[in-house]
> 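Would you mind keeping the following structure in view while I ask a few things?
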Amino acid sequence: MMSMLDFRYLRCVMKREWKCPDSEINFFLYTPERPYQQRVDVRRIQLLPKIGWKLTRKNVFIIHGFNGTHSKTPMSFIRNAYLWRNDYNVFMVDWSELSRFPCYLSALANMRLAAQCSAQLYSYLTQSGVLAKMITCVGHSLGAHICGMMSGHLTEKQNKIIG
């Protein structure tokens with residue numbers, strides 16, 4: 001259900017309530033054994049190992065930019081490059097509902113929520129025993145800014161950000 005505080009105009013959404021999880025920010029896991037899209041339910045995060053996530057692997061968050069999606073180029077090329085290495089859990093962050101064309105100003109405002117919710121998943125991984133040096137954040141365009149903004153929600157500094 002839409003929050004009464006959200007501002008919606010044309011195809012644009014400007015989130016005014018920053019609460020995670022948010023129905024318009026989704027996470028998908030891809031692994032070498034399961035190189036297809038698997039939705040991550042952040043409310044049932046303890047089930048990650050059941051969908052292929054392995055503690056012993058490196059992890060990468062891939063975040064698209066303005067008017068992008070998690071499943072189209074260049075994000076799919078980046079995802080496939082990490083999967084090809086066979087030693088990564090790949091998390092795709094999809095905030096496409098909040099970053100559509102022509103809604104650039106809304107996308108700028110929504111980056112804060114995307115960063116907060118992504119940091120929540122990042123924190124789960126570190127609380128599960130993953131070292132920060134085993135997590136990389138890769139962002140394209142505004143996605144690179146989200147990678148940087150995630151640090152403001154984390155107690156431990158991120159090790160590697162690629163933008």
Side-chain angles (χ1 to χ4, degrees), residues 1-3 6-8 10-45 47-48 50-53 57-84 88-125 130 135-154 158 160-163:
M1 185 166 153
M2 177 177 75
S3 167
D6 293 348
F7 180 60
R8 296 177 185 267
L10 301 173
R11 294 179 39 183
C12 307
V13 179
M14 185 176 296
K15 299 300 263 190
R16 300 232 178 142
E17 182 178 58
W18 296 322
K19 185 177 175 186
C20 301
D22 184 277
S23 63
E24 293 172 305
I25 299 173
N26 296 293
F27 302 97
F28 300 98
L29 174 65
Y30 296 77
T31 64
E33 299 82 21
R34 297 177 183 178
Y36 47 86
Q37 174 178 300
Q38 300 175 93
R39 184 178 297 273
V40 174
D41 184 350
V42 293
R43 291 165 297 174
R44 301 182 65 197
I45 207 74
L47 298 178
L48 263 182
K50 292 188 186 293
I51 61 170
W53 179 78
R57 284 196 186 117
K58 298 174 198 166
N59 298 273
V60 63
F61 283 68
I62 301 174
I63 308 175
H64 67 81
F66 176 65
N67 200 37
T69 72
H70 75 285
S71 59
K72 294 187 178 161
T73 56
M75 303 294 89
S76 60
F77 290 143
I78 298 168
R79 177 196 67 221
N80 292 340
Y82 277 100
L83 288 174
W84 181 76
Y88 276 90
N89 299 305
V90 179
F91 291 95
M92 303 295 292
V93 179
D94 182 23
W95 64 297
S96 57
E97 295 294 314
L98 304 177
S99 62
R100 294 183 189 161
F101 180 83
C103 313
Y104 191 75
L105 294 178
S106 296
L108 289 176
N110 293 330
M111 286 178 10
R112 184 171 170 185
L113 178 62
Q116 178 181 326
C117 295
S118 299
Q120 187 179 58
L121 179 56
Y122 185 106
S123 291
Y124 168 76
L125 297 179
V130 176
I135 305 174
T136 300
C137 191
V138 177
H140 174 258
S141 185
L142 291 183
H145 291 283
I146 291 171
C147 284
M149 292 168 71
M150 285 169 60
S151 293
H153 301 281
L154 299 170
Q158 290 185 76
K160 188 185 282 188
I161 297 172
I162 300 172

> Roughly how far, to the nearest 0.5 Å, is CZ of Phe66 from CZ of Arg100?
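It comes to 11.5 Å.
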> State whether the side chain of Asn89 and the backbone N or O of Asn59 hold a donor-acceptor pair below 3.5 Å, judged by distance alone.
no
> Is there side-chain contact between Val13 and Glu24, with at least one heavy-atom pair below 4.5 Å?
yes
> Using a 3.5 Å distance criterion without hydrogens, assess whether the side chain of Asn110 forms a donor-acceptor pair with backbone atoms of Lys15.
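Here the side-chain-to-backbone pair exists.
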> Decide yes or no for Leu98 and Cys103: does some side-chain heavy atom of the first lie under 4.5 Å from some side-chain heavy atom of the second?
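No - every pair of side-chain heavy atoms lies 4.5 Å or more apart.
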> Is the backbone of Ser76 close enough, under 3.5 Å, to the side chain of Thr73 for a donor and an acceptor to pair up by distance?
no
> Within a radius of less than 6.0 Å around OH of Tyr36, do more than 12 heavy atoms belonging to other residues, nucleotides or ligands occur?
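It does: Tyr36 OH has more than 12 such atoms within range.
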> Are side-chain heavy atoms of Thr31 and Tyr88 found at a separation under 4.5 Å?
no
> Check the pair Asn67, Tyr104 against side chain to side chain contact (heavy atoms under 4.5 Å, CB included), reporting the backbone distance first and the verdict last.
CA-CA 8 Å; Asn67 200 37; Tyr104 191 75; over 6 Å; no
> Do Leu47 and Asp41 touch side chain to side chain, with heavy atoms closer than 4.5 Å?
no
> Between atom SG of Cys20 and atom NE2 of His153, what is the distance when rounded to the nearest 0.5 Å?
8.0 Å
> Evaluate Val93 against Ile146 for side chain to side chain contact (heavy atoms under 4.5 Å, CB included), listing each step before the verdict.
CA-CA 10 Å; Val93 179; Ile146 291 171; 6.0 Å; no
> Could you give the distance from CZ (Arg79) to OG (Ser71), rounded to the nearest 0.5 Å?
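Taking CZ in Arg79 and OG in Ser71, the distance rounds to 7.5 Å.
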> Looking at Phe27, Phe28, Phe91, Tyr30, which one forms a ring pair (Phe, Tyr, Trp, His ring centres under 6.0 Å) with His70?
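Result for ring pair (Phe, Tyr, Trp, His ring centres under 6.0 Å) with His70: Phe28.
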> Hey, are the side chains of Leu142 and Leu108 touching, using non-hydrogen atoms and a 4.5 Å cut-off?
yes
> Report the distance from atom NE2 of His145 to atom NE2 of His140, rounding to the nearest 0.5 Å.
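His145 atom NE2 to His140 atom NE2 measures 11.0 Å (nearest 0.5 Å).
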> Side-chain donor-acceptor pair under 3.5 Å between Asn26 and Trp95, yes or no?
no
> Find the distance between CD1 (Ile25) and SG (Cys117) and round it off to the nearest 0.5 Å.
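Output value for this atom pair is 4.0 Å.
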> Can you tell whether the side chains of Glu33 and Arg57 come within less than 4.0 Å, N to carboxylate O?
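Here Glu33 pairs with Arg57 in a salt bridge, since their nearest N and O are under 4.0 Å apart.
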> What's the shortest heavy-atom distance between Ala107 and Ser99, and which atoms?
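Between these two residues, the closest heavy atoms are CB-CA, 3.8 Å.
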> For the atom pair CG (Asp94) and NE2 (His64), what is the distance rounded to the nearest 0.5 Å?
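Separation between the atoms: 4.5 Å.
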> Would you call Tyr82 and Thr136 a side-chain contact if the rule is heavy atoms closer than 4.5 Å?
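Tyr82 reaches Thr136 side chain to side chain.
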> Using side-chain heavy atoms (C-beta onward) and a distance below 4.5 Å, is Ile63 in contact with Met75?
no
> Could you go through Phe61 and Val90, starting from their C-alpha distance and side-chain angles, then the distance that decides it, and tell me whether this counts as side chain to side chain contact (heavy atoms under 4.5 Å, CB included)?
CA-CA 6 Å; Phe61 283 68; Val90 179; over 6 Å; no
> With a 4.5 Å heavy-atom cut-off, do Gln158 and Cys137 have their side chains touching?
yes
